[in-house]
Amino acid sequence: MKIYLALISAAALALSACGGQQEAAAPAASAETPAENAPAEQAAPASAGSAAAPTEAGACETVVSSDDQMKFDRQELEIKKSCKEFKIVLKHTGKMPAAAMGHNIVISKSEDTSGVVSDGAGATAANDFVKPGDTRVIAHSKLIGGGEETTFTVDPGKFAEGSQYEFYCTFPGHYGLMHGTVKLI
Ligand code: CO
């Protein structure tokens with residue numbers, strides 16, 4: 001019985017896979033027709049977007065892991081300059097709650113870090129330990145605890161040439177072990 005069900009679902013998967021390919025091909029072909037009639041200004045961004053999406057979708061995001069040992073899994077965070085939006089997923093693989101071992105990711109210029117960290121400590125967990133409206137902060141995630149994950153986006157256009165940038169956790173006392181360099185690639 002189980003084998004029979006497995007065969008059925010395998011067949012269903014095969015069918016849906018075939019169907020998916022046909023569906024994917026059809027809109028692409030039909031999308032070209034209205035584009036020819038549309039004004040050039042309107043047609044250009046649409047076709048550029050659909051052409052870039054398949055290759056850039058995977059590259060415009062990264063996953064950073066953190067744990068109960070107060071560590072990120074890396075000391076360098078690479079952000080792709082060519083991305084319109086860069087997505088960062090923060091995972092907390094530990095078991096401790098956010099109140100005891102909370103982690104976030106905050107990104108700022110290195111010269112702004114100490115100010116952001118000290119103001120963040122006074123901003124409380126309700127504000128994810130980030131001072132509300134802090135213009136030195138380029139982007140930041142929410143504060144999470146063990147077993148949780150959160151996603152935030154960074155605008156790569158906010159990084160200036162020639163400046164140094166850092167990422168770090170602003171939970172009080174965590175900066176020392178939880179910081180690294182932001183590298184624009
Ligand atoms: Co932390």
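All residue numbers in this chain count up from 1 along the given sequence. Note that the structure is predicted; figures quoted are calculated from it, not measured. Indexing begins at 1, ligand by ligand and atom by atom, following the structure's order.
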(request) To 10°, measure the O(G102)-the Co ion (ligand 1)-SG(C169) angle for me. (result) 100°
(request) Classify the ring geometry between F72 and H103 as parallel (under 30°), tilted (30 to 60°) or perpendicular (over 60°). (result) tilted
(message) Tell me which N, O or S atom from H174 is the closest to the Co ion (ligand 1).
(response) ND1
(message) One thing to verify: whether D119 and K131 come together as a salt bridge, which I'm taking to mean a side-chain N less than 4.0 angstrom from a carboxylate O.
(response) yes
(message) Please evaluate residues K87 and E85 with respect to the criterion side-chain contact (heavy atoms from CB on, under 4.5 Å), reporting the C-alpha separation (whole Å), side-chain torsions for both, the decisive distance (0.1 Å), and the verdict.
(response) CA-CA 6 Å; K87 195 157 90 174; E85 254 187 357; over 6 Å; no
(request) Assign the ring pair F171 / H174 to parallel, tilted or perpendicular, where the plane angle (0 to 90°) is split at 30° and 60°. (result) tilted
(request) Please name the atom of H103, restricted to N, O or S, that is closest to the Co ion (ligand 1). (result) ND1
